[in-house]
Amino acid sequence: MEQRDVLVVLFEGVQSLDVTGPLEVFTGAALRAPGAYPVRTASLDGAPVRTSSGLTVTPDLRLCDTAPPHTLLVPGGRGTRAPDPRLVDWLRANAPKARRKVAVCTGAFLLAAAGLLDGRRATTHWTRCDALATGFPAVRVDPEPIYVRDGDVATSAGVTAGIDLALALVEEDLGRDLALDVARHLVVFLRRPGNQTQFSAQLAAQTADRRPLRDVQQWITENPAADLSVETLADRAGLSPRHFARAFRAEVGMTPGRYVDRVRLEAARRLLEDTADGVEGISRRCGYGTPEAMRRAFTRTLGAAPAEYRRRFRPASPPPFG
């Protein structure tokens, strides 16, 4: 079995879950495939670091004493906003020697500062995507996916998305069955789709300022199979269709039609993941009307038809506890 050693970079102000989430995945895989993932942690001087939540983490060694790893994992956290220049210099000189570079959350800023994301597609936490794009214009920032693979570099969205990415790497390295076993142990899905949006339709949109529009947003979420035409929604808000469409876009940040599309897709996705209901029934419950209309929406947005989405992303029945 190929040994893929993992080196986790530590620094002051690191996000603890960015470290421990992927670490639990890789060490969990190593318990099932001994020797697969030797994991080490290292800081610049080998000294303990204080995470953004106040937890103190003691590294295994100094960065300058490490050999080039198979997988270099760079977590995020508040410490990425004004990083130690020595850390950026170390990444610039040493990260290219790793066969796989992985950034979790705002760890992407450290890779970008070292020039390792130039010309590449990357993502980070949705609240920091604009800052990444502005600060590093050579990086092609995509704010939507929970993780992005571009050659030998992978970046992920906020915190728990690092677990998604680590599970995807384990599945790639050691197969689906072992990765699924790790996911079951951690009580998470094996993997969400890499192109799945970082946030739900409700989080992707803003909450309207005016109560009637907020009520309409909630009603859409609770009634995806209803008539959600602009005319019907405008009537519920007590506005003319033209005024409603203009106000909704101004306050929510997207058109009513786009919001409805996102809500319906999210509802259908959850039913595919969480139930054994047929595609035809789900398409009706979520307002698509026909399986073909739902298939087109899934293929266009998620790159997979509903049946394929369910096959890939619905968790299998867990084994008996204990």
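Residues take their numbers from the sequence shown, with the count starting at 1. Side-chain atoms are counted along with the backbone in the values below, which use heavy atoms only and exclude waters and symmetry mates.
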Donor-acceptor pair, side chain of [X] and main chain of [Y], under 3.5 angstrom:
X	Y	value
Tyr288	Leu265	yes
Ser229	Thr232	yes
Thr123	Thr155	no
Thr51	Leu55	yes
Arg262	Arg258	no
Arg78	Ser52	yes
Arg121	Arg149	no
Glu251	Arg210	yes
Asp60	Ala42	no
Arg249	Gly253	no

Nearest heavy-atom pair of [X] and [Y]: which atoms, and what distance?
X	Y	result
Pro224	Arg264	O-NE, 2.7 Å
Ile163	Pro22	CG1-N, 4.4 Å
Leu165	Ala103	CD2-O, 4.4 Å
Pro68	Lys97	CB-CB, 3.7 Å
Cys105	Asp18	CB-OD2, 3.4 Å
Ala95	Leu116	CB-CD1, 3.3 Å

Between the side chains of [Y] and [X], is the shortest nitrogen-to-carboxylate-oxygen separation below 4.0 Å, so that they form an ion pair?
X	Y	answer
Arg284	Asp277	no
Arg100	Glu172	yes
Lys101	Asp150	no

Does [X] reach the side chain of [Y], with side-chain heavy atoms less than 4.5 Å apart?
X	Y	result
Val74	Leu91	yes
Gln217	Thr221	no
Pro256	Phe244	yes
Asp65	Arg40	no
Pro75	Gln15	no
Leu239	Phe248	no
Leu174	Tyr37	yes
Phe298	Leu272	yes

Return the [atom1] to [atom2] distance between [X] and [Y], rounded to the nearest 0.5 Å.
X	Y	atom1	atom2	value
Leu233	Asp227	CG	CG	7.5 Å
Asp118	Phe136	CG	CZ	9.0 Å
Glu171	Asp177	CD	CG	9.5 Å
Thr66	Leu61	OG1	CG	6.0 Å
Arg295	Ser283	CZ	OG	12.5 Å
Cys129	Asp142	SG	CG	8.0 Å

**OP:** Please assess His125 against Leu132 for the test side chain to side chain contact (heavy atoms under 4.5 Å, CB included), listing each intermediate value before the final yes or no.
**Re:** CA-CA 10 Å; His125 193 284; Leu132 184 63; over 6 Å; no
Check: Would you say His70 has more than 12 foreign heavy atoms packed within less than 6.0 Å of its NE2?
Finding: yes
- Message: With a 6.0 Å cut-off (strictly less than), is the heavy-atom count around CZ of Arg62, excluding the residue itself, greater than 12?
- Response: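 Not more than 12 within 6.0 Å, no.
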Tell me whether [Y] is reachable from [X] by hopping between hydrophobic residues (I, L, V, M, F, W, Y) whose side-chain heavy atoms are closer than 4.5 Å.
X	Y	value
Val170	Leu31	no
Met254	Val263	yes
Val49	Val88	no

| query | Run the side chain to side chain contact (heavy atoms under 4.5 Å, CB included) check on Arg269 and Leu302 step by step: do they pass? | reply | CA-CA 10 Å; Arg269 179 173 56 76; Leu302 299 177; 4.3 Å; yes
Practice problem: Could you walk me through whether Ile282 and Arg310 pass side chain to side chain contact (heavy atoms under 4.5 Å, CB included), step by step? | Solution: CA-CA 12 Å; Ile282 291 175; Arg310 167 173 274 167; 3.7 Å; yes
Step by step, work out the side chain to side chain contact (heavy atoms under 4.5 Å, CB included) result for Val252 and Leu213.
CA-CA 9 Å; Val252 178; Leu213 295 181; 5.6 Å; no
